[in-house]
Amino acid sequence: DAVRQTLDEEAEYRMAVPVAFGMREDVNNIPLEQRQALERQVDDALKLVREKVTAEAVNNYLKQKYDWHTSKSRPYRLARIAAAEEEANRGDSGNPGAFIGRDAVKGVTMDTVIRVSTSEERERVGARPKRFLRKESADALNFMLEYLQNNPSEEIKVSQLPALLDKQCQYVCDLTLVSFVRSCVERGEVVIVNG
């Protein structure tokens, strides 16, 4: 996109190539001056691209694109989060008294207090679904779970889990965190202390 945008800014590169190009089987059947003119135009275009399409320019372009996307999608994400929290507060989680397992998953929000489950609680869950973690965030998320497992009496809000990390992980956003805790509740690794 950055290359196309750079070349589109110059009228010379928006013009059609001579008709002979694409009409002949062999490029040598095209007049020499037309071939040389096109080769000069391609060389000039590459020079222009090298000058204008830098790492900084690509970064600025992508940042602007991501910021635009975030500004457009953020209201929808916030509305979905609010709706899910409202549903959880109404007790529409399938089993309002659930604190562990599949029925409790919808009750997990950033304000939910959790703790590691006991062996008896884990037995209630039965078969555990497999957990999938993105490579970029797996270490941070697994560290949080291990912390809870090493401190079985500690109760903590989901929103406070990132504070356990020595170094913040840029890939652990609120959505990632809630999704991870929901998978831990479903698998029986942690329980909801309060909804």
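Looking at V190 and R115, their side chains never come closer than 4.5 Å, going by heavy atoms from C-beta outward. Side-chain atoms of L177 and L161, non-hydrogen and from C-beta on, do get closer than 4.5 Å to each other.
Counting only distance, with no hydrogens or angles, the side chain of N151 and the backbone of Y147 share a donor-acceptor pair below 3.5 Å. Distance alone, capped at 3.5 Å, is enough to place a donor-acceptor pair between the R182 side chain and the V108 backbone.
Listed here is the closest heavy atom pair of L165 and M144: CD1-CE, 3.6 Å. Pairing each heavy atom of R35 with each of N29, the nearest pair is NH1-N, 4.5 Å. V191 approaches S117 most closely through the heavy-atom pair CG1-CB, 3.7 Å. T176 and S137 get closest at one heavy-atom pair: CG2-OG, 4.4 Å. V125 approaches G188 most closely through the heavy-atom pair CG2-CA, 3.6 Å. In this structure, I30 and Q34 approach most closely via the heavy-atom pair CG2-OE1, 3.6 Å.
Put simply, V49 and V58 are part of the same group of oily side chains (I, L, V, M, F, W, Y) that touch within less than 4.5 Å, one to the next. A single hydrophobic cluster is seen to contain both F143 and V178, as judged by linkage of ILVMFWY side chains at heavy-atom distances under 4.5 Å, directly or through other members.
Side chains of S183 and E186: a donor-acceptor N/O pair is absent below 3.5 angstrom, by distance only. Checking T112 against T109 by side-chain atom types alone, a donor-acceptor pair falls below 3.5 Å.
Ion pairing between K63 and D67 holds under the 4.0 Å rule for side-chain N and carboxylate O.
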